Amino acid sequence: MERIASFCVDHTKLLPGMYLSRQDGENGEILTWDIRMKQPNKGSYLSSAAAHTLEHLFATYARNSKYSKGVVYVGPMGCLTGFYLLTIGLTPAEALDLTRSAFAWMAAFEGDIPGASAVECGNYLMMDLIAARAEASAILPVLENLDVDKLHY
């Protein structure tokens with residue numbers, strides 16, 4: 001089998017940040033953004049409950065933002081070092097703006113976690129808002145200091 005693109009990235013050199021990891025579609029219009037919150041293989045990972053909470057919050061925010069029509073998917077990485085954001089029709093500056101505003105919103109979020117009920121979620125009890133807020137807060141300075149012209153591996 002052919003090696004997939006994400007396995008071709010040297011994970012020993014990745015730092016927290018936001019990277020354009022793939023372009024798909026007939027004209028490269030579907031962009032996959034790697035929002036790396038933790039440095040891979042360094043022993044510090046998102047807890048499952050924090051990642052799950054961030055997934056609910058990030059997806060809710062992104063799909064209700066001014067960029068909602070350009071959001072294809074939001075989801076956690078299996079390695080628990082960050083999230084994928086798939087967009088269509090958004091510029092890199094817009095994707096970065098969406099990500100920055102989403103993480104600022106998540107860092108300050110209070111109240112009931114969207115979709116956290118037995119009817120809406122398959123594991124609604126596995127949530128940790130305190131940890132999710134802390135993780136969102138921790139990555140914010142990194143996101144704020146990113147240069148939109150340098151969002152590549």
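Quick caveat, the model's predicted, so the values are computed rather than measured.
Connection of Val74 to Phe109 is established within a shared hydrophobic cluster, with ILVMFWY side chains joined at heavy-atom distances below 4.5 Å, either directly or through further cluster members. Cluster annotation: Tyr67 and Leu31 are assigned to the same hydrophobic cluster (Ile/Leu/Val/Met/Phe/Trp/Tyr, side-chain heavy-atom contacts under 4.5 Å, transitive). Using a 4.5 Å cut-off between side-chain heavy atoms of Ile, Leu, Val, Met, Phe, Trp and Tyr, with links allowed through other members, Met126 and Leu129 fall into different hydrophobic clusters. Ile35 and Val72 are not part of a single hydrophobic cluster, where members link through side-chain heavy atoms under 4.5 Å apart. Met106 is not connected to Met77 by any chain of hydrophobic side-chain contacts under 4.5 Å among Ile, Leu, Val, Met, Phe, Trp and Tyr, and they are in different clusters.
Looking at Arg3, its side chain does come within 3.5 Å of a backbone N or O of Phe7 through a donor-acceptor pair. Panel note: side chain Glu29, backbone Asn27; a donor-acceptor pair is recorded below 3.5 Å.
In Ile130, the CD1 atom is not crowded: 12 or fewer heavy atoms of neighbouring residues, nucleotides or ligands sit closer than 6.0 Å.
Across every non-hydrogen atom of Gln23 and Gly28, the tightest pair is NE2-O, 3.2 Å. Nearest heavy atoms, Val71 versus Ala62: CG2-O, 3.6 Å. When all heavy atoms of Asp97 and Lys66 are compared, the pair lying nearest together is OD2-CE, 3.8 Å. In plain terms, the two heavy atoms of Ser137 and Ala107 that are nearest each other are OG-CB, 3.3 Å.
At least one side-chain heavy atom of Pro114 sits less than 4.5 Å from a side-chain heavy atom of Leu57. His52 places a side-chain heavy atom less than 4.5 Å from the side chain of Cys121. Contact annotation: the side chain of Ile139 approaches that of Pro16 to within less than 4.5 Å [non-hydrogen atoms, C-beta and beyond]. For the pair His56 and Thr53, the minimum side-chain heavy-atom distance is 4.5 Å or more. By the 4.5 Å heavy-atom criterion applied to side chains, Thr60 and Asn64 are counted as neighbours. Between Val119 and Tyr124 there is no side-chain heavy-atom pair separated by less than 4.5 Å. Using a 4.5 Å heavy-atom cutoff, the side chains of Leu20 and Thr32 are not in contact.
Note on residues 105-127: no pairs pass salt bridge (charged side-chain N to carboxylate O under 4.0 Å, His left out), not counting sequence neighbours.
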Checklist entry - Step by step, would you call Ser101 with Tyr61 a side chain to side chain contact (heavy atoms under 4.5 Å, CB included)? => result CA-CA 9 Å; Ser101 60; Tyr61 182 89; 3.1 Å; yes
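Ring geometry for Phe103 versus Phe58: interplanar angle over 60°, hence perpendicular rather than tilted (30 to 60°).
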What pairs of donor and acceptor atoms, side-chain ones from residues 78-90 against any protein atom, are under 3.5 angstrom apart with sequence neighbours left out?
residue	atom	partner	partner atom	Å
Thr81	OG1	Arg36	NH1	2.6
Thr87	OG1	Trp33	NE1	3.3

If you look only at distance, which donor and acceptor atoms sit under 3.5 Å apart when one is on a side chain in residues 140-149 and the other is two or more places apart or in another chain?
residue	atom	partner	partner atom	Å
Asn145	ND2	Pro141	O	2.9
Asp147	OD1	Asp149	N	3.0

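Between Lys38 and Glu135, at least one side-chain nitrogen of the basic residue sits less than 4.0 Å from a carboxylate oxygen of the acidic one, meeting the salt-bridge criterion.
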